[in-house]
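So the structure is just underneath, and the comments pick up after that.
Every chain is numbered from 1 and lettered A, B, ... according to where its sequence line falls, protein lines coming before strand lines. Because only heavy atoms are used, hydrogens play no part in the values below, and waters and symmetry mates are left out as well, while side chains stay in.
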Amino acid sequence: MALPPAVELRRRNRAALLEQLHRHGPQTRAALTEALELNRSTIGALATDLAESGHLQETTGQSTGSAGRPSTLVACVPRSITVAAVEIRADRLRFALVGLGGEVLERSESALEAGADPIEAVAVITGGTASAAAVASVPGLVDEGAVAHSTELGWIDRDAAAELEAATGREWRVVDTATAAAVGEWSRGDAGEARKLLYLHGGRGLTAGLVIEGRAQRGGSIQLGHIVVEPGGRECVCGLRGCLDAEMEAFGLADGIEDATLAAGMGDAAARDRLRRSGEGLGRALGAVVTATGPDEILFGGWLRELYLSTAAPVRSAFAETTLPHLRSKLRLRTPVLGDEGALIGAAETGFAAVFEEMR
Amino acid sequence: MLLELTGLSKRFGPVEVLSDVDLAIDAGEVCALVGDNGAGKSTLVKCVAGIHGIDGGAIAVDGEARTISGPRDAAALGIEVVYQDLALCDNLDVVENLFLGREKRRGLVLDDDAMEQLAAETLSSLAVRTIRNLRQPVASLSGGQRQTVAIAKAVLWNSRLVILDEPTAALGVAQTRQVLELIRRLADQGLAVLYISHNLNDVFAVADRIAALYLGRMAAVLDAADATQSQVVELITSGRSGSLGLGADTNGARS
């Protein structure tokens, strides 16, 4: 049913104002007026309205040290809208309840016993939590809530969103871990200027996620670890030969990257050689991904941070040899600032984006 | 260009240490300076920092020719150098070290609160989470933390070009990573960084451009995006790689 135009406009403005505060933090009414390009009185009415509904509060800002009364800041109330985010890993579940404005209100981690089904465990840890949206991040190839392939979890064609809904009785969104982390770094990290951001995630197996202007894309979930870098090479768990995961023995590095880089740093020739080969393989796979997607920033996340910073020379050399110059000349290669928290933060941001979308 | 060196030459008596060196560094980029021992890296840094006078060529900052005749001149132009020995005072705490010699005053006394706040802001703008207590003496910090303090000290003074001489040489693997990320962040915040290192992994991890010195001459300046490790190694060891580098007629000897 179509709403009267004035009511609909008001809804849109409410959503826009909350989104502005959520993304950019507390600010003055004047700043809001400018950012949203709305009338002063409109902002005033919206703020009063949203204050009554408990979504925002006006606080006295920090004194700037200059003369005059400190200006009043409008801030959102974290508890008024919350999103539950869960990151599923092979051996553990990580949970965060994130409030409006990005504050982490609750945070927990629980180990998964071998053989336990993560979906049931998710139902247990999110059981008593009320939230406006729930998002799960899964390491693997994810499309529209279904997990087509996850090396880390050993899942093939599992409709995770539907199973989570059946287990918990509420709607779930499912994103892949790399994409979630990319959203997190774009919105709450240092990568907000990237138009096309590619996040490489090192878990038990490598995945990648591409976001455009901070938004997850259909088809942006990439199975980095199953790009063949050595045709006819080692056999991989997926059935192919010469996959990046198999060639760099990614499972071993996932558990032992610290030991491997330490040994290489102390001059262990075998460890050095292994890291160099892993770096070259990563560079070649990256060449293929960048040629296909053309990002302007790449983040090396999970244990790939350690690998990249220790083997940047072979990674970039192999990458330069497998990519067109115009694709790499302006490309920024960076490590993420949110570290391990990126995926949870990004999963929550995905939930907030959906909440704001529904409010419109 | 923030800093532009043209035809820079430096002699110690009869020995020509730098010969006709060109190098330009722009704001927002990390330029790595590589070269074998004795290639002239440290001399080049000392010429820019005002420790050594130059015998030929020109130094321009923001396109304007400048004479740098002492460290004060360099500092006034926004050029700060972090040397390998860091030059920190072990008996002073983090804040005192950051402001050493340039303390903030309020009337006759030191303005400790303002200094501590500014120190905290600087460290948080660099996303430094490894130093929790700003009032602990520097003697109690690890090598990586000390390096961080030395770099933060260079950044605190509205500096525009930070020169880092082998900042990771004495560090462990994990600390090296943190310092590399810090170097990258400096440039991403708009500073120019001249980064000297022997470790090519460290160089490739942060550099936008790689300048290779060979026996006092600039063999080549490459975009890091186009460079390969073997090219850089060849430039360091022989001064040329394929069509890059010094011409075949120069073997480093002066004609």
**Asked** Counting only heavy atoms not in A/Arg107, do more than 12 fall under 6.0 Å of its CZ?
**Response** yes
**Asked** Looking only at heavy atoms, what is the nearest atom pair of A/Tyr308 and B/Ala205, with distance?
**Response** OH-O, 3.6 Å
**Item:** Member of B/Leu200, B/Asn201, B/Thr228 meeting the side chain to side chain contact (heavy atoms under 4.5 Å, CB included) criterion with A/Pro314
**Value:** B/Asn201
**Request:** With side-chain contact (heavy atoms from CB on, under 4.5 Å) as the test, would you mind laying out the steps for B/Arg184 and A/Thr335 before giving the verdict?
**Result:** CA-CA 9 Å; B/Arg184 191 58 255 178; A/Thr335 48; over 6 Å; no
**Asked** Does CD belonging to A/Glu193 count more than 12 external heavy atoms closer than 6.0 Å?
**Response** no
**Request:** Of all the heavy-atom pairs spanning B/Ala227 and A/Ala320, show the shortest one and how long it is.
**Result:** O-CB, 4.0 Å
**Item:** B/Asp223/A/Arg328 salt bridge by N-O under 4.0 Å criterion
**Value:** no
**Prompt:** Quick one: of A/Gly265, A/Pro325, A/Ser310, who has the most non-hydrogen atom pairs under 4.5 Å with chain B?
**Reply:** A/Ser310
**Prompt:** How about A/Met266 and B/Val173: do any of their side-chain heavy atoms sit closer than 4.5 Å?
**Reply:** no
**Message:** Quick one, B/Asp188 with A/Arg334, criterion side-chain contact (heavy atoms from CB on, under 4.5 Å). Give me CA distance, side-chain angles, the key distance, then yes/no.
**Reply:** CA-CA 10 Å; B/Asp188 286 347; A/Arg334 301 286 187 270; 2.7 Å; yes
**Prompt:** Under a 4.5 Å cut-off applied to non-hydrogen side-chain atoms, are B/Gln231 and A/Ser317 in contact?
**Reply:** no
**Close side-chain approach of A/Ser329 and B/Asp226, heavy atoms under 4.5 Å** = no
**Asked** Has A/Glu109 got more than 12 heavy atoms of other residues, nucleotides or ligands less than 6.0 Å from its CD?
**Response** yes
**Asked** Would you say the side chain of A/Arg305 lies within less than 4.5 Å of the side chain of B/Glu181, judging by non-hydrogen atoms?
**Response** yes
**Part of B/Arg177 lying under 4.5 Å from any heavy atom of chain A** = both
**Prompt:** Where do B/Leu180 and A/Leu309 come nearest, in terms of heavy atoms and distance?
**Reply:** CD1-O, 4.0 Å
**Complete:** When the 4.5 angstrom heavy-atom criterion is applied to A/Glu306 and chain B, the contacting part is both
**Message:** I need the minimum non-hydrogen distance between A/Arg316 and B/Ala225, along with the two atoms involved.
**Reply:** NH2-N, 3.7 Å
